[in-house]
Amino acid sequence: MSANASSTATVAASGRRGQEPASSTVGHARMANAIRALAMDAVEQAKSGHPGMPMGMADVATVLFTQFLKFDPADATWPDRDRFVLSAGHGSMLIYALLYLTGYPAMTIDEIKRFRQLGSITAGHPEYGHTPGVETTTGPLGQGLANAVGMAIAERHLAAAFGDAVVNHKTYVIASDGDLMEGISHEAIALAGHLKLNKLIVLFDDNGISIDGALSLTDSVDQVKRFEACGWSASRIDGHDPAAIAAAIANAQKSDRPVLIACKTKIGYGAPTKVGKASAHGSPLGAEEIKGARDNLAWEHAAFDVPADVLAAWREAGARSKGVHAEWSKRLAALDAGQRAEFERRIKGDLPKALNDAVRQVKETLAATPKDIATRSSSEFALEALVPAVPEMVGGSADLTGSNNTRTKSMQAITAADFSGRFIHYGVREHGMAAAMNGMALHGGIIPYSGTFLVFSDYCRPAIRLAALMGIRVIHVMTHDSIGLGEDGPTHQPVEQLAALRAIPNLLVFRPADAVETIECWQLALEHKNRPSVLALTRQNLPQLRRALDTENRCAAGAYEIAPADGKVDVSLFATGSEVSLAIEAQKLLAAKGVSARVVSVPCFELLAEAPEAARRAVIGSARVNVGVEAAVRQGWDAVIGSAGAFIGMSSFGASAPYKELYKKFGITPEAIAEAALENLR
Ligand SMILES: Cc1ncc(C[n+]2csc(CCOP(=O)(O)OP(=O)(O)O)c2C)c(N)n1
């Protein structure tokens, strides 16, 4: 601290000289101390927050933002900006201070003063879409790091498609001990190392402190060795030595593999008694400690007061990349007009016109030659048309490619040597995959879709939740969606996963009943630009129920009558996916007993819930008896069938056996559906 304080004093005394940039006269220490002061003042005012990490990483962040990061506060969405991910989102005041100091117009000092208050853009943890300049929502540790891997993949893929002249940027991450302790970090760094993502640079806040105290309580991993073992270049530096930080980041620019820089720092740097202690992590320092920190740092300014010369130096740093931005705009303008339009379309996230033709073509083929196949195969059939029509789709699977049917015949794999492919073998890394998909969507220019078994949605859930919170378009193909997968048994048979996914706000959960619904659900997932989707698909074959050409997307309503009643309606049978055909069989059994039933397919609960009230009421109808059918738990179904409705589904885990036997054992049969209807009519 003393070195910092004395250099601060010298620089402060020297004032501005001639035409030199403000930053060279103000000096590193005062610029970094501006971050420290804003962080401790904002946390103090909010009476909550995390001052320690921003104070500890202020030196690293200052070097990065003043010397390396390519960004333009006037255009937070400039496609070729470097991405900066604050994976340790609890240190949000670090990024808010940086956005304010470098001159993002929305980030005013008043917003800093309103840290963590309702309606401010300075939420407790950084939120994408809420704060210009925040690239991804972080807070759940490990997610940001894994998002960054997706961003770095997206950068290489788009560079392969459009050339380095328009896509050529780095992805920087600040990650903490907590980020690196989380399991997802391992999936992410292993994938990054394997793909040799050399433009990914992680600055690790190696402060040896977490909430419970010293890291030695819980962890003895040598992170440098661990990253090296995963194919990274890794080194250790003093995270308070600006020259060492700059040298390490400069070195990283030339790496042929991803780079970890472990920056030895002191949490709460500057605080007299809390420095280096867990007590600096997550609560206001208190007036005494703040006063002591101001003395230590020779920061004599009032709370929230950044002196004009320091602010000018920071604003200058914020304007550093303007020339580079202008050059980039020229290069973009010089692209062939078609290429440029395509690049701009993809970055905007608009779909190509060819999508509608592709959907129509699939429907025409299905009408001409119906397919009684599993919906996972219907999805593959749909993808054979969609993938060529929508070039921004990048598929993948977590080592279940042949089961998820997500790779079409023409797709090449993305490899370290060639990023032009459109399929990613994510390996057995569902969580890392889902978070990387978020990173790709956030980067822009890509619609990621990928595959695993529905039961492993639990392994993806934290990332799916964040995709829903951020409102980004990622599409999860999740096959083997019920006991219908059969012999693999209850470990692999989802029972509660549909309900659990439906509980996530803003997520669309589709469960198509046949090949026609599958292409319709794919279309909807693609068209919903601001929300993620899950397509729950079967392993077992299903009859194609809609055999006549129907160009309307019936699934868009969330539910529709797939088999009307004959005459007045006694019973409404509601079903999803593989159980719709069972409901149609039950309808026949009921008809034989003189009971008239209608069958409603419910491919998407969320779209049904959001449908106009009249349409929703009409499709739900007013039969004396409602029966819901889904080979899963009842939770969530009352919204469709009412609490008095009967439900045919699962109330326990499944079992290992051929699937037809399982449907009988668990009573999910046309006979059981008909019986439930009759019983409720009595
Ligand atoms: C997945 C997840 N688990 C737990 C938390 C709560 N949490 C916030 S920070 C933190 C650990 C703090 O240690 P570190 O990451 O080293 O940050 P530092 O103390 O250095 O700021 C924890 C457990 C979280 N944000 N995310």
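Source: prediction; values computed, not measured. Order of appearance sets the numbers: ligands from 1, and atoms from 1 within every ligand. Heads up: numbering here begins at 1 and tracks the sequence.
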Protein heavy-atom partner closest to [atom] - residue, atom, separation in Å:
atom: atom 26 (N) of ligand 1; value: Leu141 N, 3.0 Å
atom: atom 20 (O) of ligand 1; value: Asn207 ND2, 2.6 Å
atom: atom 7 (N) of ligand 1; value: Ile211 CD1, 3.7 Å
atom: atom 19 (O) of ligand 1; value: His281 ND1, 2.7 Å
atom: atom 15 (O) of ligand 1; value: Ser176 OG, 2.6 Å

(Q) Taking only non-hydrogen atoms of Pro140, do any sit less than 4.0 angstrom from ligand 1? (A) yes

Could you tell me, atom by atom, which parts of ligand 1 come under 4.0 Å of a heavy atom of [X]?
X: Gly178; answer: 14 (P), 15 (O), 16 (O)
X: Ile209; answer: 13 (O), 14 (P), 16 (O), 18 (P), 19 (O), 20 (O)
X: Ile267; answer: 18 (P), 19 (O), 20 (O), 21 (O)
X: Glu182; answer: 1 (C), 2 (C), 3 (N)
X: Gly139; answer: 24 (C), 25 (N), 26 (N)
X: Asp177; answer: 15 (O), 16 (O)

Q: Establish, yes or no, whether a centroid distance under 6.0 Å links the rings of Phe71 and Phe65.
A: yes

Q. Under 6.0 Å between the ring centres of His90 and His125?
A.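 No, too far apart.
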
Q.
Could you report the tightest heavy-atom contact between Ser92 and Ala123, atom names first, then the distance?
A. OG-O, 3.9 Å

Q: Search all heavy atoms of Ala234 against all heavy atoms of Glu228 and return the closest pair with its distance.
A: O-OE2, 3.5 Å

Q: Determine the interplanar angle of the His281 and His50 rings, folded into 0 to 90°, and report it as parallel if under 30°, tilted if 30 to 60°, perpendicular if over 60°.
A: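 Judged by the thresholds at 30° and 60°, the geometry between His281 and His50 is perpendicular.
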
**Q.** Chi angles and distances behind the ring-ring contact (aromatic ring centres under 6.0 Å, His included) call for Tyr449, His476
**A.** CA-CA 6 Å; Tyr449 75 89; His476 290 273; over 10 Å; no

Q.
What I want to know is whether His90 and ligand 1 share at least one N or O pair that is separated by under 3.5 angstrom.
A.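 N/O-N/O distance below 3.5 Å exists for this pair.
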
Q: Would you check if there is a donor-acceptor pair between the side chains of Asn404 and Thr479 at a distance under 3.5 Å?
A: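 A donor-acceptor contact under 3.5 Å links the two side chains.
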
Q) Can you check whether Ile121's main-chain N or O pairs, donor with acceptor, with Glu111's side chain at less than 3.5 Å? A) yes

Q.
Using modelled atom types and a 3.5 Å cut-off, is there a donor and acceptor pairing between side-chain atoms of Ser397 and backbone atoms of Ser450?
A. no

(Q) Heavy-atom distances under 4.0 Å decide this one: backbone, side chain, both or neither, for His50 against ligand 1? (A)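 No part of His50 comes within reach of ligand 1.
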
